[in-house]
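The figures here come from the full heavy-atom set of this structure, side chains too, leaving out hydrogens, waters and symmetry mates. One is the number of the first residue; the rest follow in order along the sequence.
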Amino acid sequence: MRSDCVKKDYTRAPHRSLFKAMGYVDEELERPLIGVVNSQNEIVPGHIHLDTIAKAVKEGVRLAGGTPIEFPAIAVCDGIAMGHTGMHYSLVSRELIADSIEDMVLAHCFDGLVLIPNCDKTVPGMLMAAARLNIPTIVVSGGPMLAGLSAGKVLDLNSAFEGVGAYSAGSIDDAGLCNIEDRACPTCGSCSGMFTANSMNCLTEALGMGLPGNGTIPAVFAERIRLAKNAGIKVMDLVRENVCPRDIMTEKAFMNALTVDMALGCSTNSMLHLPAIAYEAGVKINLEIANAMSAKTPNLCKLAPAGGYHVEDLYMAGGIYAVMNELSKKDLIDLSVKTVTGKTVGENIKNTHVRDYNVIRPISEPYSPTGGIAVLKGNFAKDGCVVKRSAVAPEMLVHEGPARVFDSENDAMEAILAGNINPGDVVVIRYEGPKGGPGMREMLSPTSALAGRGLDKQVALITDGRFSGATRGAAIGHVSPEAATGGEIGIINEGDIISIDIPEGKINVKLSDEEIAERMKNFVPKEPKIKTGVLGRYAKLVKSASTGAILGNE
């Protein structure tokens with residue numbers, strides 16, 4: 001066992017002494033030591049209940065003959081961090097989570113891991129650590145929040161953000177906004193739509209690293225606790241058979257995940273996180289591969305923000321395995337891929353079926369023949385940019401309009417709330433990329449404010465930053481190269497005409513090559529807004545969004 005290096009032989013008497021100082025007995029030390037990484041805290045609604053999940057995991061590990069040892073991981077609430085300086089610190093937490101797990105595991109020689117994430121950066125951060133460490137590992141998330149309800153209207157966190165725009169436009173009063181605020185988020189769990197957290201928890205199933213239901217069983221259901229116990233039991237099988245994450249997270253597994261991503265219409269942030277996880281697993285994913293998968297994968301689901309259904313509806317309709325079974329009818333899923341269940345994908349999905357074809361469309365009648373995410377390229381996005389096509393109104397799939405240019409999210413938000421953005425405009429927000437932000441802030445506030453003011457079907461947004469999984473409308477993010485590294489988005493001027501053609505995968509500013517070259521000669525990028533502490537280091541190391549915003553070593 002890997003843990004023998006801290007507990008076997010006479011030379012490890014000091015080490016055993018330290019274990020015994022914590023109350024461990026010899027019988028526990030003779031068993032495999034299983035790290036239980038719990039990201040519970042009291043600031044994230046998706047994590048407030050994770051002690052319950054960790055308790056169930058530890059019970060499962062003990063039932064199966066292991067010794068569970070819990071240690072913590074941080075987690076940032078993107079919703080609470082949204083719209084202010086705090087959002088600079090969200091994406092960087094993914095790297096801190098991966099690094100801290102690596103540090104703890106290698107320092108203490110665990111035999112296996114159960115990872116307990118739930119919200120946006122914790123899921124990919126933990127999967128990155130799993131791929132990097134490559135010891136037997138299983139992931140069990142905390143589960144999705146139930147949707148809210150008010151006077152027969154279904155609500156979610158996005159409703160609250162859009163309520164801000166509606167309030168600023170005078171469409172609702174104080175009482176109306178307070179009602180949304182009180183009812184939008186009724187339970188613990190990751191926010192109820194197909195936002196980033198739920199996207200990544202669902203894709204954990206598609207990758208083979210989570211048990212069935214990991215992405216969709218609601219946080220408040222007893223079934224979630226049973227899932228956690230089963231994860232604790234199952235990790236012991238993985239340890240005994242030495243099945244490691246890179247045995248599971250192969251190139252074929254990532255292609256399955258991309259396929260499910262397109263069918264579900266997941267968050268555009270999946271185009272940051274899947275490449276970063278793949279990088280740690282020694283697999284290369286780029287935007288060209290993602291576009292190729294999107295081109296051949298039908299969009300089967302329209303969950304919030306793309307439609308009125310929520311993750312609880314996907315759960316009732318059969319969950320991720322039902323989606324994969326439907327995709328397999330056109331040979332879009334590799335059935336041979338190994339999973340943490342001990343079975344192949346084909347064996348896992350064999351007896352699943354769609355229970356509600358309103359929520360999961362049949363493969364023969366998709367919402368669209370192509371996937372929910374599209375990659376665009378053009379003269380100011382030479383390395384690509386990303387849009388959640390399934391959440392774009394049909395009339396905005398092709399759009400042309402004057403650029404309204406802002407060098408920060410805050411400036412753009414001020415203009416939107418003041419009523420200074422007009423129908424037809426294209427809002428350009430730059431210097432919010434991985435390096436320029438630094439930290440590549442999510443921008444749910446401006447997109448929701450536009451939606452709340454009724455402009456989401458009339459105004460496009462473009463940024464070298466990123467958008468929340470809760471964003472709807474023609475919100476195009478991850479423009480690469482970013483302004484801070486000399487990208488052409490930095491030379492767009494107020495009033496320049498921007499042309500967007502999502503079906504054709506094109507985005508351009510209507511300038512001649514000569515004019516672009518002339519502007520680039522005189523272009524001096526602005527420096528990152530924050531230069532100290534963790535973000536100062538991050539800005540020096542982070543790579544382009546087109547790579548997944550991975551950290552380089554040079």
### Task
Tell me, please, which residues at least two apart from Tyr357 pass ring-ring contact (aromatic ring centres under 6.0 Å, His included).
none
### Query
Listed by chain and number, what are the ring-ring contact (aromatic ring centres under 6.0 Å, His included) partners of Phe221, not counting sequence neighbours?
Tyr315
Quick one, [X] and [Y] - any side-chain contact, counting heavy atoms below 4.5 Å?
X      : Y      : answer
Ile138 : Met209 : no
Asp261 : Met271 : yes
Lys58  : Val114 : no

Looking at [X], I want to see if its [atom1] is surrounded by more than 12 non-hydrogen atoms of other residues, nucleotides or ligands under 6.0 Å.
X      : atom1 : answer
Ile43  : CD1   : no
Glu414 : CD    : no
Glu395 : CD    : yes

Do we see a donor-acceptor contact under 3.5 Å between the side chains of [X] and [Y]?
X      : Y      : answer
Asn358 : Asp356 : yes
Asn230 : Arg226 : no
Arg183 : Ser159 : no
His310 : Asp156 : yes
Asn38  : Glu70  : yes
Asn118 : Asn201 : yes
Ser168 : Arg453 : yes

### Task
Return the set of residues passing side-chain contact (heavy atoms from CB on, under 4.5 Å) with Thr471 (not counting sequence neighbours), or none when no residue passes.
Leu444, Thr447, Phe467, Ser468, Ala475
### Euclidean distance, Ser192 OG relative to Leu155 CG, rounded to 0.5 Å
9.0 Å
